[in-house]
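Numbers restart at 1 for each chain; the letters A, B, ... are given by sequence-line order, proteins then strands. Computed from a prediction, not measured in an experiment: that's the story for all the values here.
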Number of protein chains: 2
Amino acid sequence: MKDSHVADDVMNAAVELFATQGYANTSVQQVVAAAGVTKGAMYHYFESKDDLLFGIYDSLLTLQKGRLDEIIAAAAPDAGVDEVLRAVCVDVLETSIDYIKQGAVFFRSMHMLTEPRRQEVIRRRRAYHDEFAALIARGQREGDYRTDIPLAMLVAHFFSDVHYLSHWYSAEGPESKTLVASQLTDLFLTSLRRPDA
Amino acid sequence: MKDSHVADDVMNAAVELFATQGYANTSVQQVVAAAGVTKGAMYHYFESKDDLLFGIYDSLLTLQKGRLDEIIAAAAPDAGVDEVLRAVCVDVLETSIDYIKQGAVFFRSMHMLTEPRRQEVIRRRRAYHDEFAALIARGQREGDYRTDIPLAMLVAHFFSDVHYLSHWYSAEGPESKTLVASQLTDLFLTSLRRPDA
């Protein structure tokens with residue numbers, strides 16, 4: 001019980017420090033001091049600073065991929081693709097707002113991961129994007145979505161909004177997470193629709 | 001003559017190193033070695049590593065703001081706002097592709113700038129975004145663009161695509177800069193249009 005607290009406290013301190021002062025500028029000593037644990041306790045869970053960084057990617061990728069699979073599996077057999085894609089978009093935007101500090105570290109520090117782990121993150125993001133792209137492709141086959149723009153660009157067009165959240169979204173701002181997620185989804189789905197559909 | 005080469009060579013080496021290995025991991029020594037100049041020659045132009053980083057922001061912001069002002073000034077008096085906004089979007093996307101490495105450093109390293117300079121970058125980006133927002137607001141007043149989504153979010157929706165380019169665009173990919181810029185602009189303008197317009 002107490003042990004898992006140590007791991008969580010260390011991860012939370014790492015996210016906070018990597019997000020505010022950058023990964024390269026943060027020492028393991030600063031992380032353990034902020035978490036209020038000893039170096040020995042931290043090394044029981046994490047072998048290195050790279051482990052901490054990878055932990056951020058791992059938990060966010062696992063969470064979002066799990067939710068994507070769930071939404072697709074839970075969709076009614078007769079659900080239109082637009083309805084499923086809307087639910088997926090809203091979910092990834094909302095969870096990205098929930099984990100906005102992790103997201104800031106995610107995109108900013110990818111080049112800091114050791115190479116095998118950077119490759120793993122790329123591979124797992126690609127798996128997510130492929131599943132997302134398959135939904136758009138289904139909408140194209142069914143005649144709802146435009147086909148004049150490459151699928152990869154349509155996918156990038158959506159994930160650019162996810163990515164950019166940490167640059168402008170503020171929880172103290174006037175707009176709630178739910179509203180922001182639904183408005184960005186609406187902009188994306190509007191741009192996707194076949195002009196004459 | 002020779003002197004300005006030194007400054008350019010140093011800046012180009014800095015962009016290359018900051019983009020590939022990160023700002024924090026790059027030493028002044030590595031920059032001068034890559035540029036093939038002496039430290040003394042570099043310090044004639046740049047006082048510190050922070051000067052090099054700020055130089056990247058300064059030149060990109062100056063270039064893009066200058067072009068934005070030019071496009072707006074050159075628009076025919078009877079040009080529709082959609083035509084002007086399209087030209088602006090295409091231009092910022094194309095120049096962002098031209099300077100894609102600078103862009104990668106731009107977004108990734110903003111938190112590494114010393115505070116007064118970070119504030120200056122924020123202020124100058126805001127001035128750019130305000131001018132961009134004014135075009136959308138004009139389109140809203142003229143009845144072309146939707147008004148159900150806050151202006152700030154519409155602006156963020158566009159700049160997210162600009163921002164994300166360095167994460168997926170490849171000059172070796174199948175799509176030319178011109179095509180990518182026009183397709184992303186088209187997606188943006190489509191999402192902006194008033195549903196019943």
(message) Return the CG to CZ distance between A:Leu189 and A:Phe158, rounded to the nearest 0.5 Å.
(response) 8.5 Å
(message) Just to be sure I understand the criterion: a residue of residues 86-98 of chain A counts if one of its heavy atoms is under 4.5 Å from a heavy atom of chain B. Which ones qualify?
(response) none
(message) Less than 4.5 Å to any heavy atom of chain A: does that hold for the side chain of B:Val162, its backbone, both, or neither?
(response) neither
(request) Can you run down the salt bridge (Lys or Arg N to Asp or Glu O under 4.0 Å) pairs that involve residues 15-25 of chain A, sequence neighbours left out, and say none if there aren't any? (result) A:Glu16-A:Lys101
(message) Would a single hydrophobic cluster contain both A:Val6 and A:Tyr43, if residues Ile, Leu, Val, Met, Phe, Trp and Tyr are joined by side-chain heavy-atom contacts under 4.5 Å?
(response) yes
(message) Applying a heavy-atom distance below 4.5 Å, give me the residues of residues 103-114 of chain A that approach chain B, sorted by number.
(response) A:Phe107, A:Arg108, A:His111, A:Met112
(request) Go through A:Ile149, A:Val180, A:Asp161 and name the one with the most non-hydrogen pairs under 4.5 angstrom from chain B. (result) A:Asp161
(request) Measure distances from B:Tyr169 to the heavy atoms of chain A and classify the residue's part below 4.5 Å as side chain, backbone, both or neither. (result) neither
(request) Could you tell me whether the side chain of A:Asp51 reaches within less than 4.5 Å of the side chain of A:Arg117, counting heavy atoms only? (result) yes
(request) Go through the side-chain N and O atoms of A:Ser160 and B:Ser160 and say whether any donor and acceptor fall under 3.5 Å apart. (result) yes
(request) Please list, in residue-number order, every residue in residues 119-135 of chain A that has a heavy atom less than 4.5 Å from any heavy atom of chain B; write 'none' if there are none. (result) A:Arg125, A:His129
(message) Over 60° means perpendicular and under 30° means parallel, so tell me whether B:His163 and A:His167 are parallel, tilted or perpendicular.
(response) perpendicular
(request) Please check if B:Leu179 and B:Tyr164 belong to a single hydrophobic cluster, counting links between Ile, Leu, Val, Met, Phe, Trp and Tyr side chain heavy atoms closer than 4.5 Å. (result) no
(message) Please check this pair: side chain of A:Asn25 against backbone of A:Gln21, looking for a donor-acceptor N/O pair closer than 3.5 Å.
(response) yes
(request) Quick one: sort the A:Phe18 and A:Tyr23 rings into parallel, tilted or perpendicular, breaks at 30° and 60°. (result) perpendicular
(message) Are A:Val10 and A:Tyr45 packed together at the side-chain level, in the sense that at least one heavy-atom pair is separated by less than 4.5 angstrom?
(response) no
(request) For residues A:Arg193 and A:Arg146, determine if any side-chain heavy atom of one lies less than 4.5 Å from a side-chain heavy atom of the other. (result) no
(request) Report yes if some heavy atom in the side chain of A:Met11 is under 4.5 Å from a heavy atom in the side chain of A:Gln102; otherwise report no. (result) no
(request) Determine, step by step, whether B:Glu70 and B:Arg67 satisfy the salt bridge (Lys or Arg N to Asp or Glu O under 4.0 Å) criterion, reporting the C-alpha distance in whole Å, the side-chain angles of both residues, the deciding distance to 0.1 Å, and the verdict. (result) CA-CA 5 Å; B:Glu70 254 172 53; B:Arg67 294 180 65 105; over 6 Å; no
(request) Hey, could you give me the CE/NZ distance between A:Met42 and A:Lys49, rounded to the nearest 0.5 Å? (result) 10.5 Å
(message) So which residue, A:Leu187, A:Asp186, A:Asp148, A:Leu165, ends up with the most heavy-atom pairs under 4.5 Å with chain B?
(response) A:Leu187
(message) I need the A:Thr185 OG1 to A:Leu85 CG distance, nearest 0.5 Å.
(response) 8.5 Å
